Amino acid sequence: MTPNNRANFGSKLGAILAAAGSAVGLGNIWRFPYETGEHGGAAFILVYIGCVLLFGVPIMIAEFSIGRRSRANTARAYQILAPSTPWRWVGRMGVLTGFLILGYYVVVSGWTLEFIMEAATNSFAGKSADEFIASFSQFTANPWRPIVWAVVFMLATHFIVVKGVEKGIEKSAKIMMPMLFILLLVLAGCAVALPNAGAGLEFLLKPDFSKVNGSVLLGAMGQAFFSLSIGMGCLCTYASYFKDDTNLPKTAFSVAVIDTSVAVLAGIIIFPAAFSVGIQPDMGPSLLFVTLPNVFQQAFGSLPWLAVILSVMFYILLALAALTSTISLHEVATAYLHEEFNLTRNKAAWIVTIGCTILGVFCSLSLGIGKEYTIAGLTLFDLFDFVTAKIMLPLGGFFIAIFTGWYLDKRIVWEEFSNRGTLKVGLYRLLIFLLKFIAPIGIAFIFINELGWL
Ligand code: TRP
């Protein structure tokens with residue numbers, strides 16, 4: 001039952017799966033391993049988990065509350081809950097952040113399509129680790145191939161978003177999420193059985209706290225925001241489609257557990273594989289794309305047909321996981337344009353699709369022919385990643401925490417947290433404490449510590 005006739009997710013499980021579908025994506029399987037690798041392994045993971053618990057879950061509950069209470073796109077949500085105050089800029093900044101993230105995310109999503117093709121045509125067979133590295137950088141530097149894939153991916157996202165909330169978003173999440181999880185388990189089993197896998201597991205599980213510095217803290221915090229899809233109103237927009245009886249704290253906790261398990265599983269696949277074939281764990285964004293083909297080669301070399309089937313399945317599921325995330329990013333800007341500017345959903349969606357495709361083209365080119373054009377030493381692709389994940393999302397989260405912890409009437413927060421007193425949920429005081437003090441102070445500390453100038 002909703003106060004107006006906006007669309008809704010059909011079931012409680014549907015709501016969890018849609019939110020988890022947004023959270024689980026390339027952030028877990030591609031970004032988490034390379035950030036972990038660049039920041040020295042196990043200690044980074046522990047700091048990451050700390051960020052998920054202290055900032056992630058509370059801010060996710062805050063976003064859910066804001067979204068469901070206002071039942072509007074993220075910019076309007078603040079206008080409803082805090083009329084004629086500057087808080088609406090938090091929502092607007094969120095829309096912009098989502099737009100920028102989608103611009104480079106869709107490029108990496110496009111890469112997964114190339115890999116489906118390569119896996120299906122068995123072109124991994126017989127390549128050495130060095131050859132995988134060389135052919136991957138050749139592919140990403142190509143001026144048109146990755147762009148074509150990005151456009152295909154953007155269009156797929158577009159058509160699902162236009163189909164609407166329940167039919168498009170919810171249904172796809174329900175089928176894909178469990179399949180992905182099972183395949184990851186199978187691959188993790190294969191990866192730990194590779195020769196010299198132990199070194200990879202040790203890297204992943206044995207923390208060396210002397211490696212924790214400001215950059216590790218900022219990296220872990222950014223990764224937590226990015227991976228949980230928080231800090232820009234994405235889950236706030238989704239929560240505006242939740243039902244009144246959806247249990248917000250439980251949903252947030254489930255999403256965090258699912259999301260973190262997938263990330264750690266991805267690590268258990270990638271690091272043993274990397275150490276096994278001698279790939280450096282700190283090689284950055286290409287890590288996933290050069291280690292995984294090796295897992296398929298090494299683990300199933302004697303059964304080439306199985307290697308083909310499993311690798312095709314894996315890349316399809318990876319693409320689908322990315323798709324449930326691009327959908328959620330797209331939805332934020334589409335809902336905003338649709339509701340704020342009186343455009344049809346279709347028109348709003350086309351504006352987002354075309355705008356993000358243009359950004360995507362530039363990001364993709366910045367890995368090849370545009371490599372020399374850097375800003376602060378970063379290519380456009382890296383710049384988008386850095387500015388969104390490490391600055392805009394935590395900044396958004398900072399304001400969401402302050403908004404919910406300090407500004408919003410506590411009666412409203414309590415009503416959303418407990419479904420108007422009908423749920424027996426503990427830890428409400430802890431939530432408020434985390435939102436009021438720990439999250440804002442923690443985020444500010446990490447910013448000041450690493451970025452200095454903020
Ligand atoms: N969380 C997704 C991933 O891990 C990406 C994503 C979707 C996202 N929506 C978001 C990141 C909103 C930040 C904010 O792949």
Side-chain angles (χ1 to χ4, degrees), residues 17-36 48 51-52 55-56 59-60 62-64 67 73-74 90-91 93-112 153-154 157 160-161 169 172-173 176-177 180 184 220-239 252 255-256 258-267 285 288 317-336 352 356 384-397 399-400:
L17 285 177
S22 164
V24 174
L26 297 171
N28 309 60
I29 299 168
W30 162 72
R31 200 174 185 284
F32 176 81
Y34 87 71
E35 282 281 320
T36 303
Y48 171 77
C51 290
V52 168
F55 313 150
I59 292 175
M60 197 188 296
E63 277 201 30
F64 281 165
N73 69 77
T74 178
V90 176
M93 181 178 86
V95 176
L96 174 69
T97 312
F99 204 77
L100 297 179
I101 294 178
L102 187 53
Y104 80 91
Y105 197 93
V106 77
V107 174
V108 185
S109 306
W111 298 348
T112 65
F153 209 93
M154 203 66 222
T157 308
I160 297 183
V161 168
I169 300 174
S172 26
M176 299 181 308
M177 297 287 302
L180 177 69
L184 284 172
M221 174 169 77
Q223 175 61 24
F225 278 87
F226 188 90
S227 187
L228 294 172
S229 300
I230 55 173
M232 54 148 280
C234 184
L235 294 183
C236 170
T237 303
Y238 267 21
V255 171
I258 294 171
D259 190 69
T260 308
S261 324
V262 173
V264 171
L265 258 182
L288 167 75
L317 288 171
L318 184 63
L320 294 175
L323 186 62
T324 50
S325 301
T326 53
I327 290 168
S328 73
L329 287 160
H330 197 296
E331 176 65 25
V332 175
T334 301
Y336 172 71
V352 179
C356 287
F384 272 31
D385 180 81
F386 184 88
V387 170
T388 53
K390 294 187 179 164
I391 297 178
M392 294 173 86
L393 293 177
L395 200 62
F399 286 119
I400 291 167

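None of these values were measured; they are calculated from a predicted model. As the structure lists them, so they are numbered: ligands from 1, and atoms in each ligand from 1.
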Nearest option to atom 2 (C) of ligand 1, as decided by whichever heavy atom of A19, G27, G25, S22 sits closest: S22
Residue N28 vicinity, atoms of ligand 1 by number, heavy atom under 4.0 Å: 4 (O)
Any N or O of L26 closer than 3.5 Å to N or O of ligand 1: yes
Test item: T112 side-chain N/O and V108 main-chain N/O as donor-acceptor pair under 3.5 Å: no
Ligand 1 versus I101: contacting region, heavy-atom distance under 4.0 Å: side chain
Verdict with reasoning, S229 to S22, per side-chain hydrogen bond (donor to acceptor under 3.5 Å, both in side chains): CA-CA 7 Å; S229 300; S22 164; 2.9 Å; yes
Parallel, tilted or perpendicular: ring planes of Y104 versus F384, cut at 30 and 60 degrees: perpendicular
Within reach of ligand 1, part of A23 (heavy-atom separation under 4.0 Å): backbone
Ligand 1 to S227 polar contact by distance, N or O atoms, under 3.5 Å: yes
Geometric N/O contact F226 with ligand 1, under 3.5 angstrom: yes
Residue portion contacting ligand 1 (non-hydrogen atoms closer than 4.0 Å) for L393: side chain
G98 near ligand 1 by a heavy-atom separation under 4.0 Å: no
Identity of the nearest option to atom 5 (C) of ligand 1, non-hydrogen atoms only, from F32, Y105, W30: Y105
Side chain, backbone, both or neither: S328 near ligand 1, heavy atoms under 4.0 Å: side chain
C234-ligand 1 polar pair, N/O distance under 3.5 Å: no
Sub-4.0 Å atoms of ligand 1 with respect to non-hydrogen atoms of M232: 12 (C), 14 (C)
